[in-house]
Amino acid sequence: MISYFSPAKVNLFLRVLGKREDRYHELASLFQAVSLGDTLWFSLNDTKDVLTATDPHLPLDERNLILKAASLFRKKSGLSFFITCHLKKNIPHSAGLGGGSSNAATTLFALNELLGLPLTLSELADLGAQVGSDVPFFFSTGTAFCQGRGEIVENMPSLDLHKKIWIVKPKEGLSTPLIFSRFKLEQGQSPRLFLNDFLSGKISFHNDLEKVAFSLLPQLVALKENLLQQGFEAVSMTGSGTALMCVGSCKPELSDDFFIAPIEFVNREKENWYTDPSFC
Ligand code: C5P
């Protein structure tokens with residue numbers, strides 16, 4: 001069995017620019033891969049896809065994006081194979097951290113390696129877009145400006161913010177389709193200005209989806225306020241929530257009811273997959 005690291009992502013800024021004719025919204029967002037991640041083990045077998053996971057709540061059939069990705073890979077490559085996969089889950093779900101999307105991208109990358117590179121990275125990213133809007137990002141080098149419904153991915157130089165970042169998530173999660181369905185369009189700062197801030201080393205967190213998420217789950221308002229009062233200099237939701245990113249030199253002081261993890265940014269070389277920085 002071969003193991004692969006499957007990193008979470010954060011949205012350092014996220015602007016929603018409009019509603020499209022399909023069921024999606026037009027986005028402009030700076031995505032960053034992070035050191036919080038799952039581990040996936042893969043091997044090939046001749047009889048059927050078999051998925052096991054440490055989290056008993058996860059579906060282990062084609063509702064799981066790992067098996068959906070494997071099935072799309074099989075169709076696109078024309079190869080006949082099955083996978084045995086074990087997932088060690090660390091990324092919380094319904095968090096806006098892209099855990100399922102990352103697992104799908106990792107599966108596509110791993111299968112391509114195990115089967116002798118039948119597909120190009122760009123074909124893998126296109127397959128990923130059929131699984132979910134966030135999947136193509138993981139085929140970037142880890143820092144990317146993403147547009148369209150998220151699938152138009154432009155690599156950016158890696159960022160060094162020289163600050164400690166924590167992920168804090170309450171037990172409650174939020175559904176991405178629900179958040180987008182309640183979203184009301186607002187004017188705001190140009191995405192390029194947010195991008196320039198980050199590229200020049202300035203933290204300019206922003207998330208247009210925060211307002212909807214905070215109105216659906218008011219405890220997020222109190223949580224953000226609490227974290228700012230603890231001394232964090234910036235606190236912002238990632239994706240459609242409910243995880244918050246906190247920047248500052250303190251450590252979140254919260255009860256055991258919260259998921260809390262320090263993160264680092266991770267990037268990858270073009271031909272290699274992401275590696276878990278805790279093993280370096
Ligand atoms: O692409 P994915 O399946 O991850 O999207 C889940 C849901 O999130 C979509 O069905 C849609 O309701 C919403 N969404 C959206 N605009 C995007 C991405 C997702 O409205 N750019």
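One-based numbering, in listed order, for ligands and for the atoms of each.
- Side-chain atoms of Glu253 do not come within 3.5 Å of backbone N or O of Gln230 as any donor-acceptor pair.
- Residues meeting the side-chain contact (heavy atoms from CB on, under 4.5 Å) test with Ser140, sequence neighbours left out: Phe137, Ala144, Val153, Asn155, Tyr274.
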Please list, one pair per line, the donor and acceptor atoms closer than 3.5 Å that link side chains of residues 60-69 to other protein atoms, with sequence neighbours excluded.
unit_1, atom_1, unit_2, atom_2, d
Asp61, OD1, Arg63, N, 3.0
Asp61, OD1, Arg63, NE, 3.0
Asp61, OD2, Arg63, NE, 3.2
Asp61, OD2, Arg63, NH2, 2.9
Glu62, OE2, Ser71, OG, 3.2
Asn64, OD1, Ile66, N, 2.9
Asn64, ND2, Pro59, O, 2.9

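- Considering only residues two or more places apart in sequence or on other chains, Lys164 meets the salt bridge (charged side-chain N to carboxylate O under 4.0 Å, His left out) condition with none of them.
- Taking hydrophobic clusters as Ile, Leu, Val, Met, Phe, Trp and Tyr residues chained together by side-chain heavy-atom distances below 4.5 Å, Phe145 shares a cluster with Leu161.
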Check ligand 1 for N or O atoms under 3.5 Å from a protein N or O and list each pair with its distance.
unit_1, atom_1, unit_2, atom_2, d
ligand 1, 1 (O), Ser133, N, 2.9
ligand 1, 1 (O), Ser133, OG, 2.5
ligand 1, 10 (O), Arg23, NH1, 2.6
ligand 1, 16 (N), His25, N, 2.8
ligand 1, 20 (O), Arg23, O, 3.4
ligand 1, 20 (O), His25, N, 3.4
ligand 1, 20 (O), His25, ND1, 2.8
ligand 1, 21 (N), His25, O, 2.9
ligand 1, 21 (N), Arg149, O, 3.0

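- The main-chain N or O of Lys89 is found under 3.5 Å from a side-chain atom of Thr54 such that the two form a donor-acceptor pair.
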